[in-house]
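One-based numbering along the sequence shown. What's counted below: heavy atoms across the whole structure, side chains too, no hydrogens, waters or symmetry copies.
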Amino acid sequence: MPLQRARSLLLGCFFVSGFTALLYQTVWMRLALAKFGVNTSVVATVLAVFMLGLAVGSFGAGWALPRLEARFGIGPLRAYGLAELAIGVGGIAVPFLLGAGRDMLLSLGPASSVAYTATSAVVLGAILLPFCVAMGLTFPSAVSFLARAGATGKGRDPFSALYLANVAGAFLGAVVTPLALIELFGFRATSLGAAVGNAAIAAFALTAFRGVASAPTWGVTARPANPSDPDSRARRLALLVTGFSTMGLEVVWTRIYPTVIGTFVYSFATIVASYLLATTAGSALYRRYRARPFAGRIGTVWPWLAAASILPLFSASITFRVLHPFARVVLGLVPFCGLLGFLTPALIDREAGDDPAAVGRAYAINLLGCLLGPLVAGFVLLPEVGARGATLALVIPLFAMLLAGPLRRGSGWVAPLAAIAAGGVLWSQTTLFEEQFPKVQVRHDHVATVVAANDGVKKHLFVNGVGMTELTTITKMMAHFPAAHLTRAPDVRLDTLVICFGMGTSFRSLASWGANVTAAELVPSVDAMFGYYFPDGPALFRETGRSLRVVHDDGRRFLDRTTDRFDIITIDPPPPVEAAGSSLLYSKEFYRSARRALKPGGILQTWLPGGDRATVAGVVLAAFESFPHVRVFASIGGFGYHVLASEAPIPRLDAGELLARMPDAAVRDMTEWIHAPPVQFFERMLDKEFALDAFVPGLRQDGLRAIVDDHPVNEFFLLRRFAGAPGARASAGLPGTPGAAAPR
């Protein structure tokens with residue numbers, strides 16, 4: 001095989017490998033959230049393990065590759081092929097290992113939240129780390145192969161070529177995975193398809209390049225820079241800083257951009273795709289102009305990288321609304337990420353040359369920064385100083401590097417001073433969403449930024465700039481309606497659970513029944529606003545004789561871990577119904593956990609704000625296939641649905657009978673904001689019950705299916721909407737006609 005053709009084919013392998021790596025990161029992250037809880041610790045653990053594995057594999061390659069060849073005759077080409085094969089094994093094994101890891105943790109019995117979190121981090125690390133280390137081995141082994149084959153030297157700069165191919169493949173993966181693959185095939189099948197891709201790379205690498213691998217070495221491999229040289233120290237520091245600042249800023253971007261583009265899967269995909277597209281373009285420009293003098297002088301580009309780091313904050317500002325929301329994301333990210341794509345391979349090429357061990361070490365330094373940045377940003381900076389303060393802390397190292405002599409070479413002081421001035425102007429022109437409210441109404445924690453707002457008429461709750469709820473009787477009926485249907489002895493105190501505290505309306509309404517109430521709330525700052533919405537709310541916790549508590553945990557993880565049993569579980573998933581991760585509170589697997597936590601005869605209430613036909617059908621079918629008894633009612637507010645589910649028959653009572661079951665305090669709570677005869681609250685809902693048995697067979701005949709963790713119908717919807725599929729129609733009501741439901 002001609003040498004140039006072999007090199008081109010290897011670049012193709014790295015393109016496919018970048019594509020599959022992005023698939024794995026997407027799929028494994030989501031499966032980990034489903035198994036171990038939707039919380040920051042799981043996200044941080046998965047990201048940290050990815051970066052740690054890449055760094056270990058990259059750094060350790062200089063030690064491992066010579067020993068593999070000396071002891072086992074495994075040259076760099078075979079090592080690369082075996083690494084890709086190991087990655088493919090992970091694509092098959094990880095989904096099953098995550099499920100087994102969750103089952104193992106639950107089998108250990110009750111544990112505190114801290115202990116469970118720490119143990120789950122260890123389990124996640126043990127599952128993912130070996131395959132991430134294999135990913136880290138690919139760059140050094142490929143560079144070593146190219147050096148062995150004589151495809152390096154003479155300014156070819158192999159790392160940057162491989163890096164460009166890899167990030168281009170990752171960009172394609174960032175676009176195709178959420179837009180098509182998961183919607184069509186689900187998470188497990190997508191991971192399996194990626195595994196096939198890695199296996200194909202492995203087979204290709206182990207067979208197609210044999211002739212090249214055995215060819216004698218020719219040419220002289222360029223030596224890396226002297227590590228004690230000041231320029232070398234500056235480059236290594238620059239690699240650490242770019243990794244740290246960039247990945248830390250990416251965490252900040254996921255906090256500020258939901259105010260612009262929402263919390264959809266496609267919104268986060270836009271951030272990732274913009275990042276990778278710009279990085280690809282920057283790397284391509286570097287490859288094209290790497291022989292030019294300015295490409296070798298990092299200081300000519302660095303000042304503008306520092307200035308561009310402020311652009312995301314500027315484009316997310318409420319003062320900058322002239323462009324389409326997605327255009328604002330592109331404007332904010334592309335300049336910074338494009339310059340980063342230019343600088344990263346330039347730094348590694350000049351630091352490591354063609355030496356595979358030096359390439360591995362240089363890349364590992366960058367990955368170490370990528371590991372530390374998200375941890376510091378997510379757990380320290382954002383909770384303490386918010387998005388603006390976190391941005392400042394993360395960009396200061398970029399600006400501070402302007403003072404380094406090697407980076408100033410070729411630009412003097414003019415460019416650094418201009419960059420500082422440009423950054424200052426951008427900074428002064430930004431007003432983030434939460435900054436328009438008094439500070440006393442804004443709280444930051446490691447999960448989200450929470451705003452309690454009052455527009456003069458109504459109070460609102462915003463989480464990361466997205467409206468969660470307002471004071472509405474609908475949230476009261478999420479408590480009163482199932483409680484009134486519950487069959488119980490009059491002198492027995494109810495044990496109830498609220499998943500998603502919100503403003504605390506449902507929590508307060510269940511308390512009016514004299515019940516023990518537990519709330520599972522993911523965002524710690526949310527329930528801290530309880531007194532803002534209800535001045536009498538904090539006093540509830542001082543009452544004696546019953547238990548009222550808020551647990552800061554993912555609701556699903558709480559259900560999996562708790563040994564408590566409840567008469568009522570009421571769930572108000574965060575809007576919109578298409579929000580990323582929302583399906584984990586609508587899926588059959590979630591209902592299975594909830595069913596286990598219900599007492600005999602207990603009732604589960606799920607609120608569904610609406611959605612297209614496939615989404616509404618998916619939620620209803622998930623409940624229908626998980627419980628023997630399900631009833632669905634339109635809400636008192638004229639939109640959305642209350643889904644009631646139980647192992648026991650849910651009594652069919654008229655409005656008067658339901659009202660007679662309520663204590664006086666609960667009646668007063670129900671009628672607090674709507675002054676109408678109490679019986680009318682139940683009449684309005686009972687008149688809008690849907691006859692499930694009349695249309696469920698039709699849903700299945702249309703190919704509509706229940707939401708499951710592997711196939712979140714509500715979150716991935718673009719293809720069916722573009723194709724005009726039956727399930728894509730907007731749903732003004734459930735399929736079928738409201739009426740008396742057949743007993744079930």
Side-chain angles (χ1 to χ4, degrees), residues 26-27 30-31 33-35 38 95-96 99 176-193 264-266 556 571 573 576-595 604 606-632 640-645 690-737 741-742 744:
T26 302
V27 171
R30 181 51 183 273
L31 293 179
L33 292 172
K35 299 302 181 184
V38 182
F96 297 98
V176 173
T177 303
L179 294 185
L181 295 181
I182 294 174
E183 184 174 354
L184 291 173
F185 306 112
F187 290 109
R188 288 177 179 267
T190 298
S191 184
L192 179 61
F264 305 105
V265 165
Y266 307 109
R556 178 162 167 175
I571 310 155
V577 69
E578 301 90 354
S582 61
S583 67
L584 297 175
L585 293 178
Y586 289 122
S587 68
K588 290 176 66 174
E589 291 86 349
F590 171 75
Y591 288 135
R592 186 184 306 127
S593 295
R595 184 173 177 177
L604 170 77
T606 292
W607 165 250
L608 174 63
D612 63 17
R613 185 167 180 256
T615 294
V616 176
V619 175
V620 173
L621 287 173
F624 193 87
E625 295 172 8
S626 301
F627 287 89
H629 303 279
V630 178
R631 299 175 67 184
V632 181
Y641 313 98
H642 299 270
V643 180
L644 270 57
F690 292 86
L692 296 184
D693 288 347
F695 61 77
V696 163
L699 299 180
R700 292 170 174 159
Q701 187 175 359
D702 289 345
L704 301 178
R705 53 192 172 188
I707 292 176
V708 294
D709 286 350
D710 189 59
H711 226 122
V713 174
N714 59 316
E715 296 181 46
F716 296 86
F717 51 80
L718 281 187
L719 287 183
R720 68 173 181 266
R721 292 188 183 177
F722 285 148
R729 294 197 302 268
S731 180
L734 277 169
T737 305
R744 181 167 184 258

All heavy atoms of P95 vs all of R188, minimum pair found to be CB-NH1, 3.6 Å

Between atom CZ of R595 and atom CZ of F590, what is the distance when rounded to the nearest 0.5 Å?
-> 14.0 Å

Mind jotting down which residue pairs meet the salt bridge (Lys or Arg N to Asp or Glu O under 4.0 Å) criterion with at least one end in residues 178-187? Sequence neighbours excluded, please.
-> none

Does any N or O in the side chain of N714 come within less than 3.5 Å of the main-chain N or O of V577, such that one atom is a donor and the other an acceptor?
-> yes

Least distance between heavy atoms, W607 atom then Y641 atom = CE3-O, 3.2 Å

Side-chain contact test, heavy atoms from C-beta onward, threshold under 4.5 Å: evaluate it for F716 versus H711 and give yes or no.
-> no

Looking only at heavy atoms, the pair that brings A706 and K588 closest together is CB-CD, 3.8 Å

Between atom CD of E578 and atom CG of D612, what is the distance when rounded to the nearest 0.5 Å?
-> 7.0 Å

Start with the C-alpha gap between L608 and Y586, add the side-chain angles, then the distance that decides, and say whether side chain to side chain contact (heavy atoms under 4.5 Å, CB included) holds.
-> CA-CA 9 Å; L608 174 63; Y586 289 122; 4.1 Å; yes

Got P712 and F187 here, is their nearest side-chain heavy-atom distance under 4.5 Å?
-> yes

Side-chain heavy-atom pair V38, R556 within 4.5 angstrom cut-off | no

Taking the side chain as every heavy atom from C-beta outward, state whether L584 and D709 have any atom pair closer than 4.5 Å.
-> yes

Between V708 and E589, the two heavy atoms sitting closest are CA-OE1, 3.5 Å

Distance from S191 atom OG to I182 atom CD1, nearest 0.5 Å?
-> 10.0 Å

For V265, does its backbone N or O pair with a side-chain atom of E715 as donor and acceptor, under 3.5 Å?
-> no

Rounded to the nearest 0.5 angstrom, the CG-OH distance for L585 and Y591 is 9.0 Å

What distance do E625 atom CD and I707 atom CD1 have between them, rounded to the nearest 0.5 Å?
-> 11.0 Å

Could you tell me if the ring centre of F717 sits under 6.0 Å from that of Y266?
-> yes

If you measure from OG on S582 to CZ on F264, what distance do you get to the nearest 0.5 Å?
-> 9.5 Å

Looking only at heavy atoms, the pair that brings A623 and V643 closest together is CB-CG1, 3.9 Å

Nearest non-hydrogen partners of R613 and L704, listed with the distance | NH1-CD1, 3.4 Å

